[in-house]
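Below is one structure, written out as structure tokens; the observations come after it.
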Amino acid sequence: MTDKIKIFSPATVANVSCGFDVLGFCLGTIGDEMVIKKTSNKGITISKIEGYDLPYATNKNVAGVSALALINDYNPDFGFEIEIYKQIKPGSGIGSSSASAAGSVYAINELLGRPYNTTELTNFAMKGEALASGCEHADNIAPALFGGFTLVKSCTPLKVLQIPCPADLYTTIVHPKIEIKTIESRAILPEKINLKQAVTQWANVGSLVHAMHVNDYDLIKASLEDVVIEPHRKKLIPNFDLIKTESIKAGALGCGISGSGPSIFSLSKGKQNAQAVAKAMQLVYSKTNIEFDIYVSPINTEGMKTMRID
Ligand code: HSE
């Protein structure tokens, strides 16, 4: 019987420019690690958090809240202890809270012998994500759990679509080390949007999804445009416009805000282009006094990974 599991819980990019709250993709080179053990005491305990200062109280920690949602449904006569080794900075815009929320339910499901499918796990993880962002949405959780590119067709009932993507699609992410809380960057968004902008936006979502299916890089490039959310949120991110212009000049297909920011993502055809974009991004931020990290990653089609089982 499996009593302990170590997992890799990947970072993710939500929205992907035009797909606010519905599109997302999974990263391969950055993510958290978590160790989860069965305990004879019932309930969920968070016993260790390394990397960032986060709450230990189960009902105040996103990993704890999603794990509680799962065990309240399953009702096992034992409990679980969670260790979190956080690599993804909270408030960075690359799915830090989702990695925690999705990681705990993935690991517990493995320890229970997989009673739940990935959609059910996404539903439990959304309870944790809601604690961080103030509302239930799955555009970071779905790619972390399913891997690859996903589209959340609806949250109630939850329906996640897996979108194929070209094998040599790479992302470059720059993370300026300022914190933008999702709850705050949602608060600045308008409640109503203009019809003309809405038409442009849903045309872009449809054409991006089509382009992914048929490996049409020109169409990916033409579809990576956000006329609804970016104009508001970019004001929170220093040098956003310059990073975007320079990334596209360096060969990116498109560039936008990763989730609710401050990270900025670009998509490129091939690793070489993605690395050229990384250099361009680096040049922009190295001329400021803002600390930053840069990641280059292929799209991670696997999602969550079990690293060790004891
Ligand atoms: N779709 C979400 C947003 C992602 O942009 O607010 C961050 O949780």
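Every number for a ligand or one of its atoms is a count from 1 in the order of the listing.
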Taking Val174's backbone N and O only, do any of them form a donor-acceptor pair with Asp293's side chain (distance below 3.5 Å, no angle check)? no
Glu129 heavy atoms within 4.0 Å reach ligand 1 at atoms 8 (O)
Please state which part of Thr182 comes within less than 4.0 Å of ligand 1, counting heavy atoms only: side chain, backbone, both or neither. side chain
In the protein, what heavy atom is nearest to atom 6 (O) of ligand 1, and what distance, to one decimal place, separates them? Arg186 NH1, 2.7 Å
Any donor-acceptor pair under 3.5 Å linking the side chain of Glu246 with the backbone of Ala280? no
Can you sort out which atoms of ligand 1 are near Asp21, meaning under 4.0 Å from one of its heavy atoms? 1 (N), 2 (C), 3 (C)
Paired with Pro10, the side chain to side chain contact (heavy atoms under 4.5 Å, CB included) test is passed by just one of Glu302, Lys305, Met304, namely Met304
Using distance alone, with no hydrogens and no angle criterion, decide if Ser104 and Ser66 have a side-chain donor and acceptor under 3.5 Å apart. yes
Proximal atoms of ligand 1 relative to Phe20 (non-hydrogen, under 4.0 Å): 3 (C), 5 (O), 6 (O)
Enumerate the atoms of ligand 1 whose separation from the nearest heavy atom of Asn140 is less than 4.0 angstrom. 4 (C), 7 (C), 8 (O)
Scan Asn109, Asn123, Asp73 and name whichever one has a side chain to side chain donor-acceptor pair (under 3.5 Å) with Tyr116. Asp73
Say whether Ser266 and Tyr170, considering side chains only, have a donor N or O and an acceptor N or O under 3.5 Å apart. no
Quick one: nearest non-hydrogen protein atom to atom 8 (O) of ligand 1, plus distance? His137 CE1, 2.9 Å
